[in-house]
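Read through the structure below, which is laid out as structure tokens, and then see the notes.
Order of the sequence lines fixes the chain letters, A, B, ..., with proteins taken first and strands second; residue numbering starts at 1 for each chain.
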Amino acid sequence: MNRNIYIYNTFSLSKELFKPINEDRVLMYVCGITAYDLPHIGHARAYITFDTIYRYLRRLGYNVVYVRNFTDIDDKIIKKANEENSAAENISSKYIGEYHKDMDALYVSSPTYEPKATETIPEMINLASGLIKKGNAYEINGDVFFRVGSFKGYGKLSHKNIDDLIAGSRIPVNEEKENFLDFALWKKSKEGEPSWDSPWGKGRPGWHIECSAMSMKFLGESIDIHGGGSDLIFPHHENEIAQSESYTGKKFVNYWIHNGFVNINSEKMSKSLKNFITVRDVLDKFHPEALRLFFMFTHYRSFIDFSFEGIESAKQSLLRLYQAVNLYGEFKKIIKENGVAVKKEDVSAKADAGGRTPENIENYRNDFYNSMNDDFNTAKAVSVIFDLVRKTNKIINDSMAQNFINSEDAVFLDSAALFIKESLSGIFGLLNDDPKRFIESNLINIAADGVVGRAYMNEEEIKKLIDKRNEFRKNKEYGLADEIRKSLLEKGIVLEDTGFGTTYRVTNLI
RNA sequence: GGCGGCAUAGCCAAGCGGUAAGGCAGAGGUCUGCAAAACCUCUAUACCUCGGUUCAAUUCCGAGUGCCGCCUCCA
């Protein structure tokens with residue numbers, strides 16, 4: 001398999017050929033959530049993005065050690081605990097639980113390790129002490145700050161220079177710190193706050209240090225990939241580099257990967273704008289894979305404008321994928337049971353006579369993998385699959401029409417089905433459902449309370465009308481049958497006569 | 001103020017030197033009693049504007065316009 005992956009590195013602002021430190025192993029760290037609220041769709045995008053990268057690297061045969069942490073102690077958690085008259089650890093454990101529920105629902109696979117900040121306190125204290133010893137940090141009244149001026153490369157990731165930062169400063173200078181850019185490695189705790197013993201008295205860790213500590217603990221001093229949302233570039237990742245490299249004297253990370261934001265109406269989601277959409281808001285209305293596909297349609301570095309119309313569109317696309325898989329399954333059944341003959345016929349001979357050239361699955365595979373190797377271009381990769389789907393649909397339909405399938409086509413069809421499963425299911429995390437069930441659930445759309453459609457008819461009523469109509473149809477009284485169908489349509493219910501009987505679904509708003 | 005990103009069909013979105021992938025929506029067709037669903041086919045002649053480089057630019061360079069982000073916690 002072609003392992004020439006080019007990754008866009010935030011550090012160099014360009015695509016670089018990926019070369020892991022160890023030939024067959026990839027060390028990857030992704031900044032996790034601060035557990036104080038329900039996950040929103042921005043979290044979903046970040047973790048689906050890195051899940052896809054994780055799955056893809058594994059597909060290429062890499063043994064990936066993937067660490068994704070939890071920040072389970074911080075100001076926001078403490079604030080929430082105070083508001084709810086609860087303990088910080090209750091808040092964090094509650095939201096870690098909610099997070100896991102959502103990630104499971106979205107088929108985001110579990111990382112190798114999911115450490116919590118509070119389980120890494122001794123390592124963080126070590127790091128801070130070491131930095132003080134080296135002169136890269138200093139203590140003032142129980143607080144420990146990193147001395148930004150002591151690290152020459154500060155700003156190299158976010159491409160900022162210190163002078164600009166000072167000029168553009170919007171935060172009031174903390175009198176205690178030597179420099180306003182200096183950031184806390186350790187914070188002295190206030191009365192009643194959760195705290196841990198340290199050489200500087202009771203306190204708790206600053207935010208940035210936890211990722212350095214956890215990354216080093218589980219992956220070592222230098223790693224291949226470090227990822228997160230693009231908002232983390234500055235100051236979080238910049239600070240991680242400063243403290244880690246000051247401490248070890250080694251390069252901390254080789255490839256920095258950052259995903260783009262999810263916007264609402266072209267604007268960043270933020271609590272102050274009240275435009276936050278949680279994962280659950282989406283999952284209430286849509287299949288989790290619709291969200292995944294929605295993200296796959298856009299390159300991970302671009303920002304995405306979220307809208308329910310967009311998810312609806314992705315849902316339709318997903319349905320097309322499931323239909324194709326289902327069609328293939330049905331076709332295989334028909335071949336077996338009803339005898340669609342598999343004939344040996346030279347398709348290429350027919351090509352001259354205006355026929356088509358034989359298909360080669362390798363072309364599709366190459367296109368797909370080349371796209372993914374180009375900085376994980378899922379949008380392009382997914383288009384390859386849609387091309388393939390059109391092709392297989394056509395082969396199946398043609399074969400059904402002529403009542404035989406050419407043996408080359410049969411081979412192509414089987415390998416295509418395998419490849420679709422490998423890519424869509426294995427790498428994109430789609431097609432986890434049984435196709436039949438998925439398609440049916442899209443046809444019959446019954447609200448949880450059994451009330452259907454805008455006219456608020458219940459299922460029983462509709463079924464009665466369907467039976468009545470089918471009576472009319474049997475007697476060829478089509479006029480009367482059509483009247484029933486029309487009356488239901490006016491109430492927003494569409495009838496569909498299928499081989500398995502009549503089903504119905506609620507229409508979109510007219 | 002400093003730094004950065006984006007502008008491609010009705011909508012979404014790839015491509016980024018040789019005149020435009022894919023999806024949704026829409027239109028035709030096949031199927032069906034008729035429909036619907038499904039499937040197939042079709043759907044960009046100023047790729048924001050103006051200059052420049054080039055045999056050739058949506059793709060590179062410059063200027064401009066518009067939108068957005070980071071510089072504060074944030075995926």
Polar contact flag, side-chain donor to acceptor under 3.5 angstrom, Tyr8(A)-Glu16(A): no
Within residues 361-372 of chain A: residues closer than 4.0 Å to RNA chain B (heavy atoms): none
Select base, sugar-phosphate, or nothing to describe what Tyr478(A) touches, counting heavy atoms under 4.0 Å on all strands. base
Salt-bridge test for Asp102(A) and Arg280(A): reply yes if a basic N is under 4.0 Å from a carboxylate O, no otherwise. yes
Below 3.5 Å, does any donor atom in the side chain of His40(A) face an acceptor in the base of A75(B), or the other way round? yes
Which part of the nucleic acid, if any, lies within reach of Gly42(A) when heavy atoms closer than 4.0 Å are counted: base, sugar-phosphate only, or nothing? base
So, under a plain 3.5 Å distance rule, would you say the side chain of Asp497(A) forms a donor-acceptor pair with the base of C34(B)? yes
Within the structure shown, what part of the strands sits under 4.0 Å from Val384(A) by heavy-atom distance: base, sugar-phosphate, or nothing? nothing
Think Asn393(A) has a side-chain N or O under 4.0 angstrom from the OP1 or OP2 of A38(B)? no
How would you list all residue pairs meeting salt bridge (Lys or Arg N to Asp or Glu O under 4.0 Å) that involve residues 298-309 of chain A, not counting sequence neighbours? Arg301(A)-Asp375(A)
Tyr54(A) vs Tyr66(A) aromatic rings, parallel, tilted or perpendicular, using cut-offs 30° and 60°? tilted
For Arg469(A), report the nucleic acid contact type (base, sugar-phosphate, nothing); a contact means any heavy atom under 4.0 Å. base
Counting any heavy atom closer than 4.0 Å, what does Gly227(A) reach on the DNA or RNA strands: base, sugar-phosphate only, or nothing? nothing
If you look at every strand shown and take non-hydrogen atoms under 4.0 Å, does Asp75(A) touch a base, only sugar-phosphate, or nothing? nothing
Salt bridge Lys333(A)-Glu330(A), side-chain N to carboxylate O under 4.0 Å: yes
Rounded off to whole Å, could you give me the NE2-to-C1' distance for the His258(A) and G5(B) pair? 15 Å
Tabulate below the donor-acceptor pairs under 3.5 Å that side-chain atoms of residues 30-38 of chain A make, not counting sequence neighbours, or state none.
{"from": "Asp37(A)", "atom 1": "OD2", "to": "Lys271(A)", "atom 2": "NZ", "distance (Å)": "2.6"}

Using atom CD of Gln323(A) as one end and atom C1' of C24(B) as the other, report the distance to the nearest whole Å. 15 Å
Taking the six-membered ring of Tyr29(A) as reference, does the NZ or CZ atom of Arg68(A) fall below 6.0 Å from its centre and within a 45° cone about the axis? no
Quick one: list whatever passes side chain to side chain donor-acceptor pair (under 3.5 Å) with Asn393(A), sequence neighbours left out. none
Would you mind classifying the nucleic acid contact of Ser158(A) as base, sugar-phosphate or nothing, using non-hydrogen atoms under 4.0 angstrom? nothing
Could you tell me how far apart Tyr154(A) (OH) and C71(B) (P) are, to the nearest whole angstrom? 11 Å
Whether Arg485(A) contacts C34(B) is assessed here as follows: a side-chain N or O lying under 4.0 Å from the phosphate OP1 or OP2. Is that the case? no
Base, sugar-phosphate, or nothing for Arg301(A), non-hydrogen atoms under 4.0 angstrom? nothing
Test salt bridge (charged side-chain N to carboxylate O under 4.0 Å, His left out) applied to Lys156(A) - qualifying residues, sequence neighbours left out: Glu245(A)
Can you figure out which of C24(B), U41(B), A75(B) approaches the side chain of Met269(A) most closely? A75(B)
Arg320(A): which residues meet the salt bridge (charged side-chain N to carboxylate O under 4.0 Å, His left out) condition with it, sequence neighbours left out? none
Mind calculating the distance between CG (Leu181(A)) and C1' (G2(B)) to the nearest angstrom? 13 Å
Is there a Watson-Crick or G-U wobble partner for A21(B) with both distances under 3.5 Å, and if so, which one is it? none
Using a 4.0 Å heavy-atom cut-off, does Leu232(A) contact any base of the nucleic acid, only the sugar-phosphate backbone, or nothing at all? sugar-phosphate
For residues 476-489 of chain A, dump all side-chain donor-acceptor pairs below 3.5 Å to protein atoms at least two apart in sequence or in another chain.
{"from": "Asp482(A)", "atom 1": "OD1", "to": "Arg485(A)", "atom 2": "NH2", "distance (Å)": "3.4"}
{"from": "Ser487(A)", "atom 1": "OG", "to": "Ile484(A)", "atom 2": "O", "distance (Å)": "2.9"}

Base versus backbone protein contacts along nucleotides 64-70 of chain B [heavy-atom cut-off under 4.0 Å; B, S, -]: ----SSB
Assess whether one donor atom and one acceptor atom, taken from the side chain of Asn377(A) and the base of G15(B), lie less than 3.5 Å apart. no
Can you confirm whether or not the ring centre of Tyr99(A) sits under 6.0 Å from the ring centre of Tyr47(A)? yes
Does Phe368(A) have any ring pair (Phe, Tyr, Trp, His ring centres under 6.0 Å) partners at least two apart in sequence or in another chain, and if so, which? Phe419(A), Phe428(A)
Protein-nucleotides 16-21 of chain B N/O pairs under 3.5 Å:
{"from": "A21(B)", "atom 1": "N3", "to": "Ser383(A)", "atom 2": "OG", "distance (Å)": "3.2"}

Looking at every strand, decide which applies to Lys76(A) at a 4.0 Å heavy-atom threshold: base, sugar-phosphate, or nothing. sugar-phosphate
Residue set satisfying side chain to side chain donor-acceptor pair (under 3.5 Å) with Thr278(A), at least two apart, ordered chain then number -> Asp281(A)
Measure centre to centre between the rings of Phe252(A) and His237(A), then say whether the value is under 6.0 Å. no
Identify each atom pair where a protein N or O and an N or O of nucleotides 25-31 of chain B are less than 3.5 Å apart, giving names and distance.
none

Whole-Å distance between U41(B) C1' and Arg390(A) CZ? 10 Å
